[in-house]
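Read the numbers this way: they start at 1 and go in the same order the structure lists the ligands and their atoms.
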Amino acid sequence: INRRTMLLGTGTLALGAAFHTRADAAEFTYKFANNLQTTHPLNIRLKEATDKILEESGGRLQINVFPSSQLGNDTETLTQLRSGATEFFSLSPLILSTLVPNAAISGIGFAFPDYAAVWKAMDGELGAYARAEIEKKGLVPMEKIWDNGFRQITSSSKPINTPDDLSGFKIRVPPSPLWQSMFTAFGAAPTTINFAEVYTALSTGTVDGQENPLAIASTAKLYEVQKNVAMTNHMWDGFWFLANKRSWEALPEDLREIVAKNLNGKADEQRADTAKLNDTVREELTKLGMTFTDPDKAAFRAKLKDAGFYSEWKGKFGDEAWGILEKAVGTSL
Ligand code: X2X
């Protein structure tokens, strides 16, 4: 039975359907969830990609984007992705590590000196290694990871200039053992909070700080609830584009090609937009009242080393994964 015939038989539904003609005409209507605001480069480029997918599929595949954790926080959405309740989700490798432990390897503190090293690794052997790990857990990763950026520490109270300033500092970290471990190694008091609840946690004072790239401090309006920014660049973070396996395999080959082509094809522009925003938004955030400091990063890295952070995680990730990371960054960590 054809959907249109069904709708014609039910007056109210047919009327309601008029507002969603495209969705009703599409053979496949899929959801793509993410935790970022619509103004973030990820959502701007993702919208362009899904528009193209609709067009190039001749209207057969409509992917509706749900930004700002509308379908649930990251932990909940990962569960939905696994069950197929949500077909697509973009997620940090570190949060994904709650399901795929070694996916977090790209988030080791101070591993990448710059973006050139990041993309060489993530489009190369390290990315391929992570995707193979993800596939083993039954999710389908797109080839190109999108950018979140190098992360900086913000606080509502004191400015952070040295690792000692982090001592006992109540900081929010995303739900991930690696994040928890890194800030414990810094001597801070990390609390796991999903991004969907971060703005509220900061405004009510549940925590005094958080860490994220500047693009997020801007698009999620964290400047309204945070005062100081320490440019620590303590780690790089990205977003794997993940599909539920059954939903992916339900798409005919030609549609899968259109999806992969457009989601991977927009990655370079999204990376360029985000890097640029992370670079230029400091001035805007200063005007909005934030105060910036540029601490000595080496001191923070030394603190992690002294706390045994690197040796602990080398043991957890194993020699194979650690070797691929060290080869990618060209130094021993
Ligand atoms: O939760 C965060 O801080 C964010 C938005 O950067 C991630 O998705 C990891």
Counting from 1, what ligand 1 atoms have a heavy atom of Trp179 closer than 4.0 Å? 9 (C)
heavy-atom search around atom 7 (C) of ligand 1 in the protein gives Asn35 ND2, 3.7 Å
Counting only heavy atoms not in Glu253, do more than 12 fall under 6.0 Å of its CD? yes
In terms of atom number and element, which parts of ligand 1 are under 4.0 angstrom from non-hydrogen atoms of Phe239? 8 (O)
Could you check atom 4 (C) of ligand 1 against the protein and tell me its nearest heavy-atom contact, residue, atom and distance included? Asn212 OD1, 3.6 Å
For ligand 1, which atoms have a heavy atom of Ile216 less than 4.0 angstrom away? 5 (C), 6 (O)
Salt bridge check, Lys287 against Glu284: does any charged N sit closer than 4.0 Å to a carboxylate O? no
Do Phe150 and Tyr115 have ring centres separated by under 6.0 Å? yes
Is it the side chain, the backbone, both or neither of Val198 that has a heavy atom closer than 4.0 Å to ligand 1? neither
Given the ring of Trp119, does Arg271 sit roughly above its face, with NZ or CZ under 6.0 Å from the centre of the six-membered ring and within 45° of the axis? yes
Test item: Ser181 side-chain N/O and Pro177 main-chain N/O as donor-acceptor pair under 3.5 Å: no
Would you confirm whether Ser155, through its side chain, and Lys158, through its main-chain N or O, come within 3.5 Å as a donor-acceptor pair? yes
Give yes or no for whether the N/O distance cutoff of 3.5 Å, strictly under, is met between Ser92 and ligand 1. no
Among all protein heavy atoms, pick out the one at the shortest distance from atom 9 (C) of ligand 1; state its residue, atom name and that distance to 0.1 Å. Asp237 OD2, 3.3 Å
Nearest protein heavy atom to atom 1 (O) of ligand 1, by residue and atom, and its distance? Arg172 NH2, 2.8 Å
Using non-hydrogen atoms of the residue, decide whether Arg151 is closer than 4.0 angstrom to ligand 1. yes
Look only at the side chain of Gln80 and the backbone of Leu71, and say whether a donor-acceptor pair between them is shorter than 3.5 Å. yes
Is Leu91 touching ligand 1 with its side chain, its backbone, both, or neither, if touching means heavy atoms under 4.0 Å apart? neither
Flag, side chain of Asn102 to backbone of Phe317, donor-acceptor distance under 3.5 Å: yes
